[in-house]
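First the proteins, then the strands, lettered A, B, ... as listed; each starts at 1. Treat the numbers as computed from the prediction; the structure is a model and nothing was measured.
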Amino acid sequence: MESVDVFESLLSSSGLCNWDPVVFDMLIKAFLKVNMVKDGFRAFRKTVKHGMYPSVITVNCLLTGLSKLNYSKKCWEVYAEMERIGVHPNSCTFNILTHVLCKDEDVNKVNEFLEKMEEEGFQPDIVTYNTLVSSYCRKGRMKDAVHLYQIMYIRDVSPDLFTYTSLINGFCKKGNVKDAHQLFIRMADRGLKPDVILYNTLISGYCKEGMMQEARFLLHDMIGEGMHPDKFTCSVLVQGYQKQDNLVSAVNLVTELQRFRFVVSHDIYNYLIAALCIENRPFAAKALIDRVSGDRYEPSNMVYGELIESFCRCNFPDEASCLKAEMVSKDLKPDIGTYRAIIKCLCKLGRSMDANSLMREMTDCDVPPDIEVCRALINGHCGENNFCEAQSLLSFFAQEFKIFDTVCYNTIVRLLSGEGDIAKLMKFQDKMRKVGFAPNQLTCKYVIDGLQKAVGVHKINS
DNA sequence: CTAGGGTTAG
């Protein structure tokens with residue numbers, strides 16, 4: 001839609017000045033540069049329709065864009081079009097299309113295509129070989145991959161880091177870290193220096209096999225070589241430790257990397273903090289936050305929530321409240337789950353009055369309480385023999401928030417019945433009816449129990 | 001300087 005406008009306006013304004021058809025070439029490239037592949041494709045078609053020829057480089061950019069979106073069919077359309085209008089493909093074109101064929105798992109077609117490429121006078125180069133090797137590796141066809149790797153030496157196209165990364169990754173994926181490492185050593189013998197991606201690949205292989213010591217050794221090796229472990233390195237190692245339920249080592253690793261001032265993604269911090277919270281180790285989680293918060297890391301709303309809930313599960317409501325206050329001071333809005341956790345925890349620990357004020361705070365912040373909050377408070381007050389507060393909360397929740405918790409209602413009825421004060425019971429019943437509570441079977445049973453108790457009748461049936 | 005090839009895993 002937009003490309004039509006841009007193309008047409010470019011076309012219409014070209015009459016007003018000296019212009020060069022290269023502007024349309026640039027337009028296509030510009031679309032692709034900002035990842036507007038479809039617009040680039042449309043602009044390409046229109047350019048051709050108006051009898052102009054985009055450059056090979058531009059067509060190659062277009063093919064790359066289409067290939068990345070897996071629009072294979074469109075790639076071949078473009079290729080046919082360039083033959084038709086006489087834009088000669090070059091080695092990049094062939095490599096891009098080889099990649100397309102490899103992705104589509106068309107092995108026979110790949111060979112056919114390579115023959116055609118040679119007919120047109122292009123020898124497969126390092127990129128062509130790497131594309132093929134990586135394709136074999138991805139499909140787990142290591143024998144074919146290694147065979148091609150040997151052919152590269154024969155044809156005097158020396159394998160490079162890309163080749164080795166594909167092969168090492170291929171072996172690792174098969175669980176064959178030994179061969180992967182051997183290749184790594186051979187590569188070094190041939191004078192190639194592994195880069196971060198290559199280290200990551202092998203480290204990931206070891207992590208997948210649970211060989212964390214080897215993985216860690218490689219990490220130190222790469223640091224010793226002056227390389228900077230990246231997010232990828234960190235995430236692979238953390239996941240490796242996690243797979244062995246070794247959260248402590250994962251946390252230690254991350255703090256070590258952070259001390260070295262290497263990039264640790266905030267996702268990793270979030271992940272580890274969440275994991276510690278789930279394992280009910282809120283103090284460790286809090287310590288991790290404190291240690292890394294200098295690292296431009298700020299816990300999100302969700303992380304705070306998880307931490308607070310973890311403290312609550314472990315019966316540390318004051319630590320939880322403190323964090324909640326910290327959230328508020330940072331203009332983060334605690335959600336219902338956070339409030340609910342602290343309220344439940346306080347009630348469980350016999351501090352229902354403290355929970356009350358928290359409930360007031362949440363309603364002041366326009367976070368309406370839910371039935372769980374209602375139930376926790378009422379049960380809490382009942383447990384602390386504060387029936388009065390329980391009763392007033394029951395009607396408060398009903399009136400203000402339309403929460404009618406029959407379970408709580410019946411609990412109070414049962415307790416009042418147990419006290420044997422019929423007048424009080426009836427007064428309560430009456431009040432509750434007015435705010436909208438309807439008694440059910442269980443309510444009636446409790447009321448009858450209360451009456452019997454009051455008049456001293458012993459139960460006949462138990 | 002210039003387009004094309006290599007790393008996790010959900």
Side chains of A:F44 and A:E81: does their closest heavy-atom pair fall under 4.5 Å? yes

Quickly work out the A:L63 CG to B:dA3 P distance and round it to whole Å. 15 Å

Tell me: NZ of A:K174 to P of B:dT7, nearest whole Å? 16 Å

With sequence neighbours left out, write down each residue that passes salt bridge (Lys or Arg N to Asp or Glu O under 4.0 Å) with A:K333, or none if nothing qualifies. none

Can you tell me how far C1' of B:dT2 sits from NZ of A:K33, to the nearest Å? 10 Å

So is A:R360 actually on top of A:F396's ring, under 6.0 Å and inside 45° of the axis? yes

Measure distances between side-chain N and O atoms of A:D195 and base N and O atoms of B:dG6, and say whether any donor-acceptor pair falls under 3.5 Å. yes

When you check the gap from the basic side-chain N to the acidic O, do A:K324 and A:E361 get nearer than 4.0 Å? yes

Any base atoms under 4.0 Å from A:I197, or only sugar-phosphate, or nothing? Heavy atoms, all strands. base

Any side-chain heavy atom of A:L202 sitting closer than 4.5 Å to one from A:C172? yes

Over how many whole Å does the gap from A:L198 atom CG to B:dG6 atom P extend? 14 Å

Where do N or O atoms of nucleotides 8-10 of chain B meet protein N or O atoms at under 3.5 Å, pair by pair?
from, atom 1, to, atom 2, distance (Å)
B:dT8, OP1, A:N169, OD1, 3.2

Check whether any side-chain heavy atom of A:K103 lies under 4.5 Å from a side-chain heavy atom of A:S67, and answer yes or no. yes

Just the rounded figure in Å: distance from C1' of B:dG6 to CZ of A:F184. 14 Å

My understanding is that only residues two or more places apart in sequence, or in another chain, count here; which of them pass ring-ring contact (aromatic ring centres under 6.0 Å, His included) with A:Y339? none

Taking atom P of B:dA3 as reference, at what distance in whole Å does atom CD1 of A:I57 sit? 8 Å

Across the strands shown, which category fits A:T201 at heavy-atom distances under 4.0 angstrom: base, sugar-phosphate, nothing? sugar-phosphate

Could you state the atom-to-atom distance from CG of A:L132 to C1' of B:dG6 in whole Å? 14 Å

Rounded to the nearest Å, what distance is computed from the CG atom of residue A:L32 to the P atom of nucleotide B:dA3? 12 Å

Mind checking if A:L202 touches a base, just sugar-phosphate, or nothing, with heavy atoms under 4.0 Å? nothing

